[in-house]
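In what follows, a structure is listed as C-alpha cells, so that the remarks can point back to it.
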Amino acid sequence: MAEKKKYITHDDLRNHNKPGDLWISIQGKVYDVSDWIKSHPGGDTIILNLVGQDVTDAFTAFHPGTAWHRLDGLFTGYHIRDYQISEVSRDYRRMATEFRKLGLFESKGHNTLYTLSFIAAMFAGVLYGVLACDSIVAHQIAAALLGLLWIQSAYIGHDSGHYVIMSNQKYNRIAQLISGNCLTGISIAWWKWTHNAHHLACNSLDYDPDLQHIPVFAVSTKFFNSMTSRFYDRKLTFDHVARFLISYQHFTYYPVMCFGRINLFVQTFLLLFSRREVEDRVLNFAGILVFWTWFPLLVYCLPTWPERFLFVFTSFTVTALQHIQFTLNHFAADVYMGPPTGHDWFEKQAAGTLDITCVPYMDWFYGGLQFQLEHHLFPRLPRCNLRKVAPVVQELCKKHKLPYRSMSWWEANKLTVRTLKKAAYQARDKANPVVKNLVWEALNTHG
C-alpha cells in the first residue's frame, strides 16, 4: 500500500528559516538543507536568502540536471499543499527544459579555446613590448594589451565559475585559479561569494553587493537613509563625505572606473584575511602571490619610474571598459528593497537587467554579458548560445508584459549617467534630504 502523502502549507514552510532549521521547496516537495548548506558549492548566502520559500526557478537556473538526484537525500517527506505555479514561472521552466533538450547547456563551442589562445598571444605581446622594446610607445601598447588581457581573462574566470568550461571539474577549478587569481590578481573565491549573491538578489538595494558602493556611488535616494547591507552585514552610512562624493558622481563615474581595479584588489585581500570560511583559501592565496610576483617584476623591468607609473595607469584604464560594462547592465535598471523571493524569479531578473546591443563579431569584446538578461535567467548557458536564445526570451517578456531593455553602448552610458545625475542632485539637498528625497523618489522611481 502506497504511503500517504504528508502536507504542509507555505506559511508552515516560512517558519523554517533559522540556522539549524532551514527548509526549502522545489516543485512542491520540501527539503531540509540545514546541514547541506555547509557544503553547498555555491556558498551559504544563496541559500540563506531563499530559505522558507519555493526556490524551483532559482534551482533550475543555477543547477545542472545531474543535481536533481541529490535532492532525494534531503527530502523531508512533506509536500506543499497550496503549491501553485505562475504562468511566467511555468513558461520559464518549459523554456529551460527545451534548451536542455536541445543540448544548449552542454554545447560550449570553441569560445574558451579561442579566448585562451588570444590571452596567451596577448601575454607574449606584453612580454615582448616590455622586455624587447625600448620605445615608450611600445611600452604603452604593451600596457593596453595587458589591460585587454585582464578583461578577457576575467571572462574566462566568469564562465568557469558558472559552468564547466574544461573537460572536468578539476581542470575547471585550475582554469578559475589561473584566469582569476594568477593572471588578474582577483580571488575567484571573492568573485563567487559576491557574484552568486548578485545573481540571486539582482538589484536589491540592501541584498545585492553590486549596487552597494557608498560612499562613492548611489543609484537610488534610498541609500540616503543609511540602510544596512544584508550582504556585508554592516551599515552603509550616508555621511557628509558620502553626500559630497555622490553629489558629483555623474562627473566622477568614468574617472573612478579607471581605478576600479584597485578596489577589486582590496576586496580580495579583505576576504582572504577575514574570518569567513573561504573555499580553498590557501590556493587562493597562492594564486594571488603568483600575480603579485610577476606583475611587479614586469613593471620593474621598465627603465624609469614615470614609465612604470604610466604603464600601470594605462593598463588599469583599459580595464575601465569592463567595469563600465558591468555597471551599465544594472545601474539604470529597476531596483527594489528587501530579500529576493522565489515566486517572481523571472520578473526580478527582467526588471533588474539591461542588455547591450552589438553586432555578432563584437561578442568577444563583451564576453557574452551584453546579453545580461539571458545570462541572469540561464547563468549556466555557455556564452556562445546566449545570442541564440535572446529572441525566445524577448518573446516571453513580451507575452507577459515584462521589460526587455536592449540598447546601444552609447545609449546605456547616457541612461546610466542620467540615473547617477538624478541621485546626485538629490544628495545636494542639505536642508531636509530624507523627506524631500522620498517625495522625489515616488515621482521619479525606477524601481
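Residue indices begin at 1 and follow the sequence shown. All values below were derived from every heavy atom in this structure, side-chain atoms included, with hydrogens, water molecules and symmetry-related copies excluded.
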From Ser204 atom OG to Gln212 atom CD, the distance as rounded to the nearest 0.5 Å
8.0 Å
Could you tell me whether the side chain of His139 and the main chain of Cys133 form a donor-acceptor pair under 3.5 Å?
yes
If you take the centroid of each ring, where Trp contributes its six-membered ring, are Phe59 and Trp345 closer together than 6.0 Å?
no
Side chain of Gln53, backbone of Ile24: donor and acceptor closer than 3.5 Å?
no
Those residues at least two apart in sequence (or on a different chain) that pass side-chain hydrogen bond (donor to acceptor under 3.5 Å, both in side chains) with Asn168 are none
Kindly say whether Asn181 contributes a backbone atom to a donor-acceptor pair with the side chain of Asn284 at under 3.5 angstrom?
no
Nearest 0.5 Å please: distance from the CE atom of Met362 over to the OH atom of Tyr366.
5.5 Å
Could you go through residues 66-81 and list every donor-acceptor pair under 3.5 Å that involves a side-chain atom there, pairing it with any protein atom two or more places apart or in another chain?
unit_1: His69; atom_1: ND1; unit_2: Thr66; atom_2: O; d: 2.4
unit_1: Thr76; atom_1: OG1; unit_2: Val30; atom_2: O; d: 3.0
unit_1: Thr76; atom_1: OG1; unit_2: Tyr78; atom_2: N; d: 3.2

Any pair counted as salt bridge (charged side-chain N to carboxylate O under 4.0 Å, His left out), so long as it reaches residues 347-361, sequence neighbours left out:
Asp344-Lys348
For the rings on Phe371 and His375, is their centre-to-centre separation under 6.0 Å?
no
Between the side chains of Thr60 and Asp57, does any donor sit under 3.5 Å from an acceptor?
no
Taken to the nearest 0.5 Å, the spacing of Leu283 CG from Leu289 CG works out to 12.5 Å
Can you tell me how far CG of Leu22 sits from CG of Asp44, rounded to the nearest 0.5 angstrom?
10.0 Å
Rounded to the nearest 0.5 Å, what separation is found between the CG atom of Leu396 and the OH atom of Tyr92?
10.5 Å
Taking atom CD of Gln372 and atom CG of Leu354, what is their separation to the nearest 0.5 Å?
9.0 Å
Donor-acceptor pair, side chain of Asp82 and main chain of His10, under 3.5 angstrom:
yes
Side chains of Thr314 and Gln140: donor-acceptor distance under 3.5 Å anywhere?
yes
Ring centroids only, cut at 6.0 angstrom: are Trp294 and Phe123 within range, meaning strictly under it?
yes
Check whether any side-chain heavy atom of Met227 lies under 4.5 Å from a side-chain heavy atom of Leu205, and answer yes or no.
yes
Just by modelled atom types, is the Thr194 backbone N or O under 3.5 Å from a matching donor or acceptor in the His198 side chain?
no
Are His162 and Trp191 near enough that their ring centres are under 6.0 Å apart?
yes
Can Tyr253 and Thr416 be said to form a side-chain hydrogen bond (donor to acceptor under 3.5 Å, both in side chains), step by step?
CA-CA 10 Å; Tyr253 172 60; Thr416 298; 5.1 Å; no
In sequence, state the C-alpha distance, the side-chain angles, and the governing distance for Phe378 and Phe99, and then conclude on ring pair (Phe, Tyr, Trp, His ring centres under 6.0 Å).
CA-CA 10 Å; Phe378 305 102; Phe99 291 168; 5.1 Å; yes
So does Glu411 get a backbone contact from the side chain of Ser408, meaning a donor-acceptor N/O pair under 3.5 Å?
yes
Would you say that more than 12 heavy atoms from the other residues, nucleotides or ligands in this model lie under 6.0 Å from the OH of Tyr171, or not?
no
May I ask you to check whether Trp292 and Phe265 place their ring centres under 6.0 Å from each other?
yes
Between the side chains of Thr56 and Asp54, does any donor sit under 3.5 Å from an acceptor?
yes
Indicate whether any N or O donor in one side chain lies under 3.5 Å from an N or O acceptor in the other, for Ser86 and Ser89.
yes
Looking only at side chains, do Ser406 and Thr357 share a donor and an acceptor under 3.5 Å apart?
yes
